[in-house]
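Please read these numbers as outputs of a predicted model, since none were measured by experiment. Hydrogens, waters and symmetry mates play no part in the numbers below; they use all other heavy atoms, side chains included. Chain letters run A, B, ... following the sequence lines, proteins first, then strands; residues in each count from 1.
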Amino acid sequence: MEHIKDLAVRIVEEGLRLGASFVDVRVEDAEHTSISLRDGVVEAMAGGRDTGVAIRVLYRGAWGFSYTSRLTPEGLKATLGSALASARAASERVKTPIRVAELPALEDRVVWKPKVNPLDVDSEVKVSDLLEVHRLIVENEDVKTVTIKYADGLERKIYASSDGRLVEEERSMSWAYFWVTGRRGDVQASAREEIGSVEGYTLFERWSPEELASKLVDRVVKQLGAKTPRGGVFPAVLAPNVVGVFVHEAFGHLAEADLTMAGSAVRDKFGEKIASSLVTIVDDPTIPGGFGTYRYDDEGVEAKPAILIEEGYMKGVMTDREFAAKLGREPTGNARAESYRVPPLIRMRNTVMRPGDMAVEELFEGIEFGYYLVSFRGGQANMDGTFQVGIQEAYEIVNGEIGEPVRNMSISGNTLETLAQVDGVAKDFQLEYGRCGKGQSAFVSDGGPHIRVRAITIGGAGR
Amino acid sequence: MSGEELLEYAELAVKLAEKMGASEAEAFATRVRGFDVSLKNNNLDQASSYDEAGLGLRVIVDRRVGFSYTSVLDKEAVERLAERAVKLARASRPDPEWRGLPETPSSYPQVEDTYSSRVAGIASGEAVELASAMLEEALSDKRITVVYGSFFAGAGWKAIHNSHGVEATSSGTESMAWMEVVATSGGDTTPGCTSWAGSRVELVDTRAVAREAVERALISLKPVRLEGGEMPVIFTEKALFMLLNFSLHQAVKGDNVVRGRSPYAGRLGEKVASENLTIRDRGLMPGGMSTDRFDDEGVPMRDKTLIEAGVLKGFLYDTYWARRAGAEPTGNALRGGYSAIPVIRFTNLVVEPGDASRDEMLAETRRGLLVDDLQGAHSTNPETGEFSVVATPAWLVEGGELRPVRGVMLAGNVYELLKELDMVGREVRPLGGFYSPWLRFSRVRVVSK
């Protein structure tokens, strides 16, 4: 890697010499394994090593980008030439010249040493562990199908830029996804679970196969005997898993500077009270063990917590170098690229609601009838702040007590109105692991405590 | 690198894997070249160019399947790749159902309108001009903000080779543009409104894409309140795609059928939808966005009927699941690129058009909804079809007029809904490989705050 590091620096210099005002070069070397199991059969054991270089140049206020997997001086020069040619063409038509926040020169090397390097673990061990989860799940006779996906990887990145940044970072990640379907008579149900770690192959130490299997089976079986929800507006208690997807999907995207500036529901809300005083939401890349925990982003910027809402007030947005310059703010280190094949975008990292001081039980007190939303099935939001979150595990709350399970429900509404309705935040906290798609895929974490919302729109699917 | 050169590397990879102990091997190599110009926040964002080739290798050792890929095409890299793939296969478990890679077909079909030197030969300046025209067109109305947009044009080559003698190459081009805009007026901002266009052989009309997105945004300003209840709902091709993508599209996949995950399993020949519904998967449709001579494991592509006048006629298969089902592979094994193993996907999914014009559909809907996109559609339960989604953008249709509504939810069961299809539009527009007219369902549960 030393050799390619020197080459990256030389390409940056060459880009400047050819007239670019800013140049950055990303070198990525990723090794990974992926395994998929369908009903206990290993479909394919896949793995590979993907190495490449991304080159981005700013020329007369326009971005040009190209990439290559030919890691020779000639290969990189040709790629720089393509990026420059594209930037030149774009510079003829750019409307507002693009500027980037330039930063003090810095050299650093960060290695997140995994407890158990996934590359050192025999693939056969991984398969055995996954098959064990499968075996435990299918012990239940209502279970019909089980799909398991597993992926791990070790990624080494080098970033070099014309403002003198030269940083290296090495991280590992492991991830598994389970989808179980069940049937009893005419009733069908399914449940999902996603787990992850940046500590290497420790997934099944942290989530034992027994715990995972019983959680999934329990979820399926409960739905098979569950009632469908009443539609309408009800008070609800949201568990950390649902709070996580809510702060990420319903709120977080609105506070990504590119979407904020394009007119998201929080564009004109800086400094204003937009949520209940109990609500503090932070996109925090420093949470130990998070999928979105790193030291430098894909623009060589130090990753710092972005405080989005503090005690109800809109405080900030997530930025990259370009939007930091546009807004006159510090870049928060939110620029992430899926791979060397694409330029970075503003992406979330670990987006969480900060815990409050109530006991979880207190949240249920005084709710005559409402819902307890434990786990989600998917969520999405629009720029205008409308959101929808599908719920796979939910219960009625009757007179302050958790009641019968409810299936096929979803919540929806306006994000800011819903945040204003938060009237209880518990002191517990849980971090979740998942993926986010915004044209590119990124591994992210989200989470928070249990919270209570006075009024939320409950929708029910099916009949 | 030409298709022939890709094929040479594919042959080398298969030969090496066999030498290292694979009982079967399959190499899939591609090259993609193109320009992508993106728009962001009312500005031309970035011009990218790329030219990438790579090869994916699937190997079988004692019914164990291993897969690996390389983004470098030279002899040494392919050798390392073969070693890695064989090693991975050995670390896997035997699949008792494995019945082999595809056999050599007697012939491959010819396809029309899939390659144009005009699209393949586009220059970066021209791509920038087309993207810029899209931006200018949208911004000619002061109320519009362009959130994102993109214009792409490029060419691709692929080659496939396996141990049973399957050997084929093809090439194709495509150009596409899409845009998301919002409109702001008097303190009201609309939800994001999108438009998409694509073609295999022509550079798409980017100004038309902009005009359509803008028109949708402008008619989304100043929402009215909607009284919920059951009403007819017209789905545009985009909304329909979202509705079906997590339900019907899954239900017709052979793997889901064999595994009992599809509600359509064992129901061939039964009436599952309104007689107004006919859906085909047309791998050979002239100029189709996914049209090709063969799929990504070398099986000839073809046209087949999935639902005809409401009656379930067929499923989509790759070779593995076809053999498990005792059926023929349908040419629907597709990959996201050389670095992925094939999965079952539709090629060009075509909903047969009817005879109602869009204006007629609106005029003949006394009180209902027009929906252009769904939010949260991925939370639909594919096995049961139960859904609960936000319809946005959406409009109340009343007396032939459209008035925007917000925060409206639709709930129900997709498979039940398909029986309520009572009006089929005439105009068909592609959305990726999905070709559908507008469809109207007579009764949908609409929940409004």
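Looking at B/L135, the atoms closer than 4.5 Å to chain A (heavy atoms on both sides) all sit in the side chain, from C-beta outward. At a 4.5 Å heavy-atom cutoff, A/V57 makes no contact with chain B through either its backbone or its side chain. In this structure, the portions of B/D45 lying under 4.5 Å from any heavy atom of chain A include both its backbone and its side chain. Contact annotation for B/L374: only backbone heavy atoms (N, CA, C, O) come within less than 4.5 Å of a heavy atom of chain A. Of the two parts of B/I60, neither the backbone nor the side chain holds a non-hydrogen atom closer than 4.5 Å to a non-hydrogen atom of chain A. Residue contact with chain A, scored on non-hydrogen atoms closer than 4.5 Å, involves the backbone and the side chain of B/T189 alike. Heavy atoms closer than 4.5 Å to chain A are found nowhere in B/V37, neither backbone nor side chain. Of the atoms belonging to B/T190, it is backbone heavy atoms, and not side-chain ones, that fall under 4.5 Å from chain A. For a residue to count as touching a neighbouring chain, one of its non-hydrogen atoms must lie under 4.5 Å from one of that chain's; by this rule B/A85 does not touch chain A. Of the two parts of A/K326, only the side chain, counted from C-beta on, holds a non-hydrogen atom closer than 4.5 Å to a non-hydrogen atom of chain B.
Per-residue heavy-atom pair counts under 4.5 Å with chain A were compared for B/P382, B/S132, B/S339, and the maximum is reached by B/S132. Top candidate by heavy-atom pairs under 4.5 Å with chain A, chosen from B/D255, B/L410, B/T392, is B/D255. Chain A forms the most heavy-atom pairs under 4.5 Å with one residue out of B/K87, B/R84, B/H378, and that residue is B/H378. Each of A/A262, A/G390, A/A44 has some count of heavy-atom pairs under 4.5 Å with chain B, and the biggest count is that of A/A262.
A donor-acceptor pair under 3.5 Å is formed between the side chain of A/S69 and the backbone N or O of B/S71. Under the 3.5 Å distance criterion, the side-chain polar atoms of B/T384 are left unmatched by any main-chain donor or acceptor of A/Q188. The backbone N or O of A/D384 lies less than 3.5 Å from no partner atom in the side chain of B/R406, so there is not a single donor-acceptor pair. Side chain of B/D95 to backbone of A/V41: no donor-acceptor contact under 3.5 angstrom is found. With hydrogens and angles disregarded, no donor-acceptor distance shorter than 3.5 Å links the side chain of A/N382 to the backbone of B/P191. At distances below 3.5 Å, not a single donor-acceptor pair connects side-chain atoms of A/E124 with backbone N or O atoms of B/S92. Judged by distance alone, the side chain of A/S66 and the main-chain N or O of B/S49 form a donor-acceptor pair under 3.5 Å. Here the side chain of B/Q46 pairs no donor or acceptor atom with the backbone of A/F65 at under 3.5 angstrom.
Using a 4.0 Å cut-off between a side-chain N of Lys or Arg and a carboxylate O of Asp or Glu, B/E386 and A/R407 qualify as a salt bridge.
In this structure, B/L44 and A/W63 have side chains that are not in contact, with every pair of non-hydrogen atoms separated by 4.5 Å or more. Counting heavy atoms from C-beta on, the side chains of B/F387 and A/N408 never come closer than 4.5 Å. Using a 4.5 Å heavy-atom cutoff, the side chains of B/V147 and A/L259 are in contact. No side-chain heavy atom of A/M409 sits under 4.5 Å from any side-chain heavy atom of B/S388. At least one side-chain heavy atom of B/E180 sits under 4.5 Å from a side-chain heavy atom of A/M383. The shortest side-chain heavy-atom distance between A/T147 and B/R259 falls under the 4.5 Å cut-off.
Minimum interatomic distance between A/G47 and B/L88 (heavy atoms only, all atoms of both residues): N-CD1, 3.4 Å. Nearest heavy-atom pair, A/S128 versus B/R93, reported as atom, atom and distance to 0.1 Å: OG-NH2, 2.9 Å. B/V65 and A/E43 get closest at one heavy-atom pair: CB-O, 3.4 Å.
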For this session: For A/K95 and B/E136, run salt bridge (Lys or Arg N to Asp or Glu O under 4.0 Å): C-alpha distance rounded to whole Å, both residues' side-chain angles, the deciding distance at 0.1 Å, then the answer.
Result: CA-CA 9 Å; A/K95 289 182 75 75; B/E136 296 301 334; 3.2 Å; yes
